[in-house]
2 protein chains.
Amino acid sequence: MNSVRKALVVLETVADLQPVGVSELAVHLKQPKSSVQRALETLHEAAWIRPASGERTRWELTFRASRLARKAGNHFGLREAALPVMEQLRRETGETIHLAVLDESEIVLIERLESPHAVRHVEPLGGRAPVLVTATGKAMLAQMPEADIERIYGEAVKADSQASAVSAALPLGELLVELRGIASRGYATTASWRDGVFATGAAISGPDRRPIAAISISTPAARATAEARTAHAELIVAAVSQIAEHLN
Amino acid sequence: MNSVRKALVVLETVADLQPVGVSELAVHLKQPKSSVQRALETLHEAAWIRPASGERTRWELTFRASRLARKAGNHFGLREAALPVMEQLRRETGETIHLAVLDESEIVLIERLESPHAVRHVEPLGGRAPVLVTATGKAMLAQMPEADIERIYGEAVKADSQASAVSAALPLGELLVELRGIASRGYATTASWRDGVFATGAAISGPDRRPIAAISISTPAARATAEARTAHAELIVAAVSQIAEHLN
DNA sequence: AACATCGTACCGAAATACGGCACATAAAGC
DNA sequence: GCTTTATGTGCCGTATTTCGGTACGATGTT
């Protein structure tokens, strides 16, 4: 089904370049205009794209995709199971709580409850971050089979080389040692993602012990005392097992 | 491009029924198994779906869709332009601030900054609500041409009849009057969406005066004094014009 | 006013999507 | 344990469709 593959690529390219016209797409994709336009017409009929704000010459995405997206991250009531526990965590710690899932070599932030403190860092929802430098990312990695870890590590360094992120300096060997420690402790920490932010994360695992998502507690370095760190570690380990129960 | 249309329908059905197998899909779609399976194979190669947790017999969505979704709601830096202003609004009011966009007859919550108060209502991110009973929804409607309003009204009552929501009692005529008032004031209010929650909303408009998104201030009824209401109204009108400036 | 660029329509040749059928494997029923 | 039902997968000939080169009209640019 070659046409489907092409149409999907067109769809993704429209997402990147919107609002965009036929010719521009054709050169980007190195495909004949005719084919691109046929794909556009079909996507339009299927209501995945629409003419941009009245103009009949440029195309943009509709919300068809985002309807799917919600379900993609929805691993069967994950949000519903996690939110109350996250609420309680925030009450107990007074810090910002994040819920994230894994997408290839990145984590995606899907829920957030903020610290009531004036000093805090707000991460945009739906935002992405490299898996190797985040507490949630490392916590999830630690629960995965070694083969998967190596594959994701490969993707991450490949992606980072062009995105100029932080992780490249970390050899695979050291990472595996760190992950082994995280797996036995049940939680991960990081201070290397955002400056001045210390985060404690733990993975939410399904019945097959594969990680579904992860939650984290983020705190400004100034509040990350030794006592706070140990408290956060204990609380988050309890929280993820509670969420996993609710998930069934 | 019939195959593309079919493949997209298959994709959406997988989203609804995941994790799901070939045969179940085939009966749901009233299509031959062969065709459905070919579509699944193609979607798999394109990495839009994957076998569910190791099993090779059930399919689920990947995050390919959610990558698009973020851009669908991204109307060119909307989130980046809105967040700082929303931050300021929250500081000034001490209440929960929402950012929502319109999707057919529903609004979709895409950002949220929470009230620091202990008493507050937390709406899940990505959540949807009927357009006619929310402050954000009415604020956006009020900025649209009458033809669009009528179309959306029609969709809304159709959707509500099967979703058993609140709006059906409102005749179109009354709605148009209310929207006219909202348009001239520049903000909308509601108390009829969540019990005990009073919300003030205003639309963020593009250069063509069409609504792009809307923000709202949600407060428990107990804190919604007359002074608070007028303060919120003034603040939110100022906020949306500020965001619109940042958008260019 | 001449030109470049863009979106759209047409068309013959060839690729491939189509769906019925059959087989193999796994669950369910007795 | 054996039969029966359901499910995932492979095959194949026909004909429906896609494919991309080319051409035309509209738009706006120098």
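None of the values given here were measured: they were computed from a predicted structure. As a basis for the values below, the full set of heavy atoms in this structure was taken, side chains included, without hydrogen atoms, waters or symmetry mates. Letters A, B, ... mirror the listed sequences (proteins, then strands); counts begin at 1.
A donor-acceptor contact under 3.5 angstrom links the side-chain atoms of A:Arg38 to the base of D:dG20.
Between D:dC19 and A:Lys33, no contact under 4.0 Å exists linking OP1 or OP2 to a side-chain N or O. Between A:Gln37 and C:dG7 there is no side-chain N or O to OP1 or OP2 distance below 4.0 Å. Distances shorter than 4.0 Å separate some side-chain N or O of B:Ser23 from OP1 or OP2 on D:dG8. Considering only side-chain N and O atoms, A:Thr57 lies nowhere under 4.0 angstrom from the phosphate OP1 or OP2 of C:dC6.
Remark: DNA chain C forms stems of 3 or more consecutive Watson-Crick or G-U wobble pairs, all pair distances under 3.5 Å, at C:1-28 with D:3-30.
Checking D:dG21, D:dT18, D:dG8 against the side-chain heavy atoms of B:Val22 singles out D:dG8 as nearest. Counting only heavy atoms from C-beta on, B:Asn2 has its side chain closest to D:dT18 among D:dG10, D:dG20, D:dT18.
Using a cutoff of 4.0 Å between basic side-chain nitrogens and carboxylate oxygens, A:Arg112 and A:Glu123 are not scored as salt-bridged.
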Check residues 135-148 of chain A and write down every donor-acceptor pair under 3.5 Å in which the side-chain atom is one partner and the other belongs to a residue at least two apart or another chain.
residue  : atom : partner  : partner atom : Å
A:Lys138 : NZ   : A:Glu178 : OE2          : 2.9
A:Lys138 : NZ   : A:Thr189 : O            : 3.0
A:Gln143 : OE1  : A:Ser205 : OG           : 3.2

Show every donor-acceptor pair shorter than 3.5 Å between a side-chain atom in residues 1-8 of chain B and any protein atom, with sequence neighbours excluded, or say none if there are none.
residue : atom : partner : partner atom : Å
B:Ser3  : OG   : A:Ser3  : OG           : 2.8
B:Arg5  : NH1  : A:Glu45 : OE1          : 2.4
B:Lys6  : NZ   : B:Gln31 : OE1          : 3.2

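Residue contacts for B:Ser3: at a heavy-atom cut-off of 4.0 Å it reaches the sugar-phosphate backbone alone, with no base atom in range.
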